[in-house]
There are 2 protein chains.
Amino acid sequence: MTAPTISSFNCGDCPIRHRAVCARCDSDELEELDAIKYYRTYEAGRPIIWSGDSMNFVGSVVSGIATLTQTMEDGRTQMVGLLLPSDFVGRPGRDGAAYNVVATTEVVMCCFRKKPFEELMARTPHIAHRLLEMTLDELDAAREWMLVLGRKTAREKIASLLSIIARRDASLTPAGAKDRMVFDLPLTREAMADYLGLTLETVSRQMSALKKDGVIELEGKRHVTVPDMGRLLEEAGDDSDGGFLG
Amino acid sequence: MTAPTISSFNCGDCPIRHRAVCARCDSDELEELDAIKYYRTYEAGRPIIWSGDSMNFVGSVVSGIATLTQTMEDGRTQMVGLLLPSDFVGRPGRDGAAYNVVATTEVVMCCFRKKPFEELMARTPHIAHRLLEMTLDELDAAREWMLVLGRKTAREKIASLLSIIARRDASLTPAGAKDRMVFDLPLTREAMADYLGLTLETVSRQMSALKKDGVIELEGKRHVTVPDMGRLLEEAGDDSDGGFLG
DNA sequence: CGCCGGTTTGACGGCAATCAAATCTAGTGG
DNA sequence: CCACTAGATTTGATTGCCGTCAAACCGGCG
C-alpha cells in the first residue's frame with residue numbers, strides 16, 4: 001500500500017542536479033546534503049502533504065508532476081502551483097503545511113529531514129541563495145497567474161495554460177521547431193479547471209472551440225499539437241512573442 | 001515637479017527597522033547599508049518603476065502605500081501586490097522590472113543602489129535570509145490571492161479584501177478590540193477592482209450591499225467600520241476565525 | 001459485456017460586465 | 001462665500017459569458 005522507498009543514488013547522476021535547490025553546491029556541500037537525504041516515491045493520485053499537517057521534511061521533486069492546491073470549506077478548489085522536476089516543496093522555518101500537495105503522476109521526491117536541512121541552510125549560502133532565487137521565480141509565476149485568473153476570458157485562460165506547458169516542454173527538449181509544438185497534457189480537465197478558476201465543462205468547451213478553430217489539434221484527450229505557436233500566444237492575449245520566441 | 005529627497009536619518013530611528021530587509025542586521029551591517037542608501041519621496045499617483053525599465057536600485061517602502069500591477073496590451077489591469085511600509089521592491093539579480101509600481105499615497109522609499117546591495121547581500125547572510133523569509137511570505141500571500149481571484153464571488157472578494165486590510169491595520173495597532181474594527185481604505189474603487197479582478201461598478205455595488213446588510217458601515221467613501229469581524233470573515237468564505245482571532 | 005471515470009455536448013439561468021446617467025466630493029476661481 | 005468643474009462613486013438597464021444541471025459518449029478494464 002505504502003509507496004516504496006527507492007534506493008539512494010549518487011547526486012552526481014541526479015537528473016535535477018543543476019536546477020534544484022542544490023544546484024550551486026560544491027561536492028563538500030553535496031556530501032552534507034547526501035547525509036540527510038532520502039528518496040520517496042508516491043503513486044499517481046496520492047497525497048504527498050495535506051494542508052495543516054506538520055511537515056517533518058522538505059525536498060525536491062526528482063521526477064513526475066504534483067499539484068499545490070487550496071480549498072474552501074464548501075469544496076471549491078484552486079490550484080496555486082504546479083510542481084515539476086527540480087521544484088522545491090516545503091517552507092524552511094515553518095511547521096504546518098499551507099497547501100495540499102498531490103501527486104498527479106508517479107512522483108519521486110528527494111527529501112531532507114527538516115531540522116538538519118534548516119541548520120545546513122543557515123551555514124550554507126549556496127543553498128540559501130539558490131532557494132531565494134527559486135522562490136523569486138515562483139513568486140513571479142504566481143503573479144503572472146494572478147493576471148490570468150483575474151482578467152482573462154475562459155478561452156484566453158486555456159490558451160495561456162497550453163502555452164505555459166508548451167514553453168516548459170520546450171525548455172526540456174533541446175531547441176527544436178519553434179513554430180509547431182507537440183506535447184502531452186499532464187492534467188485532467190478537472191485539474192485544468194482548478195488551475196484556471198473555471199469549471200471542467202467550460203474547459204472542455206474551450207478546448208473543443210480551439211480545436212475547431214485550428215489553434216490546436218487533439219489526438220485522444222491528452223495529446224496536443226500546436227501548429228502555430230504564435231497563434232496560440234495571440235489567443236492567450238500575450239504580446240505576440242511573450243518572450244517565447246526570438 | 002520632481003519629488004524632493006528627504007534628508008537621511010538614522011537607521012536606529014527608522015520606523016521599519018525591525019520588519020524590513022534589514023531587520024536582522026547588526027550595527028556593523030547597518031552601517032554598510034547606510035553607506036549605500038538614500039531616501040526618495042514619490043507623490044501620490046506617481047509611478048515609482050515602470051514595467052520593462054531597467055532598475056538601478058532596490059529598496060524598502062518606509063511609509064505610504066504603493067501598488068504592483070500588470071497590464072495587458074488592451075489595457076486590462078491586474079494588481080499583483082500591495083506594498084506597505086517595510087515591503088521590499090525590486091529583484092536582486094535581475095535588471096528589468098517585471099511590474100508597474102505606482103505610489104497610491106505619498107511614498108517614502110529607502111533605496112539601495114542595486115550593484116552594491118547585491119554584493120553586500122552576497123556576503124551578509126542576515127540580509128539574504130531575511131529577504132528569503134519576506135519572499136516566502138509574499139509567495140504565500142500571492143497564492144492566497146489566487147484562491148480569491150479564481151474561486152470567490154464578487155461579494156466574497158470584497159469581504160476578503162476588507163478583512164485583509166483590517167488584519168493589517170490590526171497588526172500595526174496594538175491589540176485592541178477584536179470584534180469591532182475601524183480603518184480607512186487606502187484604495188480607490190478602481191484600485192480595489194484591479195486587485196479583485198472585478199469592474200469598479202461591481203465593487204461599488206457590493207460595497208453598497210455589504211453596507212445595506214450591516215456587515216460594514218461607511219462614513220464618506222473611505223472610512224470603514226466593521227461592527228463584527230467574525231461576520232465579515234464568514235462573508236469572505238474563510239473559516240470562521242481565519243487565523244485572525246484567538 | 002457492462003461498469004466506471006473522464007470527457008463532451010446541450011439547455012438554461014444567474015452573476016458580473018457593459019453601457020449609460022445621476023450623484024457626490026473636493027478643489028478652483030470669481 | 002458660492003457657483004462651477006473634474007474626478008470619483010453610485011445607481012440603473014441590459015447583455016453575455018460562464019456556471020449549473022443533465023445526459024450522452026468514450027476508452028479501459030475486470
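Labels below follow one simple rule: chain letters A, B, ... track the order of the sequence lines, proteins then strands, and each chain is numbered from 1.
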Original post:
Separation of B:Glu190 atom CD from C:dT18 atom P, in whole Å?
Top reply: 13 Å

Original post:
With a cut-off of 6.0 Å (strictly less than), are more than 12 heavy atoms of other residues, nucleotides or ligands near CD of B:Glu201?
Top reply: yes

**OP:** For A:Lys211 and C:dT7, give me the distance from atom NZ to atom C1', rounded to whole Å.
**Re:** 11 Å

Subject >> Spacing between B:Met207 atom CE and D:dA8 atom P, to the nearest angstrom >> reply: 16 Å

Subject >> Spacing between B:Leu218 atom CG and D:dA8 atom P, to the nearest angstrom >> reply: 18 Å

Original post:
Is the backbone of A:Ile65 close enough, under 3.5 Å, to the side chain of A:Thr105 for a donor and an acceptor to pair up by distance?
Top reply: yes

**OP:** Measure from CD on A:Glu156 to C1' on D:dC17 and round the result to the nearest Å.
**Re:** 13 Å

Original post:
Which whole-number value in Å describes the distance from B:His223 NE2 to D:dT9 P?
Top reply: 16 Å

Subject >> Whole angstrom value for the distance that separates P of C:dT23 from NZ of B:Lys221 >> reply: 13 Å

**OP:** Could you tell me the separation between the CG atom of A:Leu185 and the P atom of C:dG6, rounded to a whole number of Å?
**Re:** 15 Å

Original post:
Between A:Ser163 and A:Ser160, does any side-chain donor sit less than 3.5 Å from a side-chain acceptor?
Top reply: no

**OP:** Please work out if B:Arg222 contacts a base, only the sugar-phosphate, or nothing of the nucleic acid, heavy-atom cut-off 4.0 Å.
**Re:** sugar-phosphate

Original post:
Quick one: CZ on B:Phe88 to CG on B:Leu83, what's the gap to the nearest 0.5 Å?
Top reply: 11.0 Å

Detail all sub-3.5 Å separations between protein N/O atoms and N/O atoms belonging to nucleotides 9-17 of chain C.
from	atom 1	to	atom 2	distance (Å)
C:dT9	OP2	A:Ser208	OG	2.7
C:dG10	N7	A:Arg205	NH1	2.9
C:dG10	O6	A:Arg205	NH2	3.1
C:dA11	N6	A:Arg205	NH2	3.4
C:dA16	OP1	B:Ala154	N	2.7
C:dA17	OP2	B:Thr199	N	3.4
C:dA17	OP2	B:Thr199	OG1	3.1
C:dA17	OP2	B:Thr202	OG1	2.4

**OP:** Flag the pair A:Arg143 and A:Glu138 as a salt bridge only when some basic side-chain nitrogen lies within less than 4.0 angstrom of an acidic carboxylate oxygen.
**Re:** no

Subject >> A:Arg40 CZ to A:Cys110 SG distance, which is reported to the nearest 0.5 Å >> reply: 13.5 Å

